[in-house]
2 protein chains.
Amino acid sequence: MLKTKLEEFKEKIKSSGLKITPQRVAVYKEIAQSSDHPCAEELYERLKDKIEGISLTTVYRTLASLEKAGLVKRVPTLKDKIRYDAKVEPHSHFVCVNCGKIVDLDYVPPTPEEVKELGDSLTCTLMCYGICKECQVDE
Amino acid sequence: MLKTKLEEFKEKIKSSGLKITPQRVAVYKEIAQSSDHPCAEELYERLKDKIEGISLTTVYRTLASLEKAGLVKRVPTLKDKIRYDAKVEPHSHFVCVNCGKIVDLDYVPPTPEEVKELGDSLTCTLMCYGICKECQVDE
DNA sequence: CCTTAATATGAAAATAAATTGCAACTTATA
DNA sequence: TATAAGTTGCAATTTATTTTCATATTAAGG
Ligand SMILES: [Mn+2]
Ligand SMILES: [Mn+2]
Ligand SMILES: [Zn+2]
Ligand SMILES: [Zn+2]
């Protein structure tokens, strides 16, 4: 991860009145370098062998803190599991309805102004559903 | 609900090898006449006093059946509760981040062809997040 | 109409995801 | 370093959804 991004992370954490802990750093780094929009449990699985003190509870709590601080965002899903994104700027997603993978698209979603229907919307995101290339091969 | 829509419902149910039951009719009618994209529990709450034999379990099972039959679709959400839509054609949604309300937008989302990035996507939907008019008043 | 096989239902138990209480521990600041 | 504020892990809890299983209903055929 870029040094600037880690610095920005520390600043935002501090300015939210939160403390910098190894667990928070680890969770944020892990989301930031993932491209698959992991859920809490997936993050925990990836971290539990690398990071000494990390519990699933803390991953859940960390995600809530990072979300409040504006460092991560939830990704809209059709399932009953919340998934997270460290890319907080508006962008679009492709979801494989077969394997559940979620990846970023280059497609730029319209701005709230362009949609402007029900007063002030803040952000927009386009969600596309289909079958990813890997899933098409081994049908 | 239009007679044609109810007939279409019965046909699709049958062609999926499912039986027409009062519970299924009631759940489908309720979603179809709702504009707020209810979850299973909300549907149950709205139906339990109107329909003699209806249980939350059956509402869950009915939603799964209707989804398989292509009569309802899930709406992407940021929460851990699945919400449903009887409007199955591609369209866009506005979500109030304050009260959780989800309403349809007229904005027509791009077609999968227009996005075309990762092979074959099937459907696209634009999600817009903001504060609804009611929530803006009583802030 | 009746019969019957296939399917659907409700209640309760089970599972899965996320949250909370609490005592022990860190962090940041002075 | 002392210390107050904030954080952690574990276990218990809550919330959402699914499954089990015995009973009931549907649709088709006679
Ligand atoms: Mn993303
Ligand atoms: Mn809709
Ligand atoms: Zn896939
Ligand atoms: Zn609102």
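The chains referred to below are lettered A, B, ... by the order of the sequence lines, with proteins before strands, and numbering in each begins at 1. Both backbone and side-chain heavy atoms feed into the values below; hydrogens, waters and symmetry mates do not.
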Rounded interatomic separation in angstrom, taking CD from B:Glu45 and C1' from D:dA16: 14 Å
Interatomic distance, B:Leu63 CG vs D:dA16 P [rounded to whole Å]: 15 Å
According to side-chain contact (heavy atoms from CB on, under 4.5 Å), who are the partners of B:Glu114, at least two apart in sequence or on a separate chain? B:Pro110, B:Thr111
Quick one: what's the B/S/- string for nucleotides 21-30 of chain D, heavy-atom cutoff under 4.0 Å, read 5' to 3'? -----BS---
Applying salt bridge (charged side-chain N to carboxylate O under 4.0 Å, His left out) to B:Lys101 and not counting sequence neighbours gives B:Glu134
Electrostatic pair B:Lys50-B:Glu30, nearest N-O below 4.0 angstrom: yes
Sub-3.5 Å pairs of nitrogen or oxygen atoms, protein against nucleotides 15-17 of chain C:
{"from": "C:dA17", "atom 1": "OP1", "to": "A:Lys81", "atom 2": "NZ", "distance (Å)": "3.2"}
{"from": "C:dA17", "atom 1": "O3'", "to": "A:Asp80", "atom 2": "O", "distance (Å)": "3.4"}

Salt bridge (charged side-chain N to carboxylate O under 4.0 Å, His left out) against A:Glu42, all qualifying residues, sequence neighbours excluded: none
Got a sec, which residues hit salt bridge (charged side-chain N to carboxylate O under 4.0 Å, His left out) with B:Glu67, two or more places apart in sequence or on another chain? B:Arg74
According to ring pair (Phe, Tyr, Trp, His ring centres under 6.0 Å), does anything in residues 33-71 of chain A pair up with another residue at least two apart or in another chain? List the pairs. A:His37-A:His93
For the pair made of OH in B:Tyr44 and P in D:dT15, what is the distance, rounded to whole Å? 17 Å
When you match A:Ile54 and B:Arg83 each to their closest nucleotide on DNA chain D, which lands nearer the 5' end? A:Ile54
Whole-Å gap separating P (D:dT17) and CG (A:Leu78): 13 Å
Can you tell me how far P of D:dT7 sits from OH of A:Tyr28, to the nearest Å? 18 Å
d(NZ, B:Lys79; P, C:dA18) in whole Å: 13 Å
Kindly write out the residues that satisfy salt bridge (charged side-chain N to carboxylate O under 4.0 Å, His left out) with B:Glu11, not counting sequence neighbours, or none if the list is empty. none
State which residues pass side-chain contact (heavy atoms from CB on, under 4.5 Å) with B:Ser92; sequence neighbours excluded, sorted by chain then number. B:Leu105, B:Tyr107, B:Pro109, B:Leu126
Mind calculating the distance between CG (A:Leu47) and P (D:dT8) to the nearest angstrom? 13 Å
Regarding the side chain of B:Leu56, the nearest nucleotide among D:dT17, D:dT18, D:dA11 is D:dT17
Test A:His91 against A:Asp85 for side chain to side chain donor-acceptor pair (under 3.5 Å), laying out the working first. CA-CA 11 Å; A:His91 63 287; A:Asp85 199 337; 3.0 Å; yes
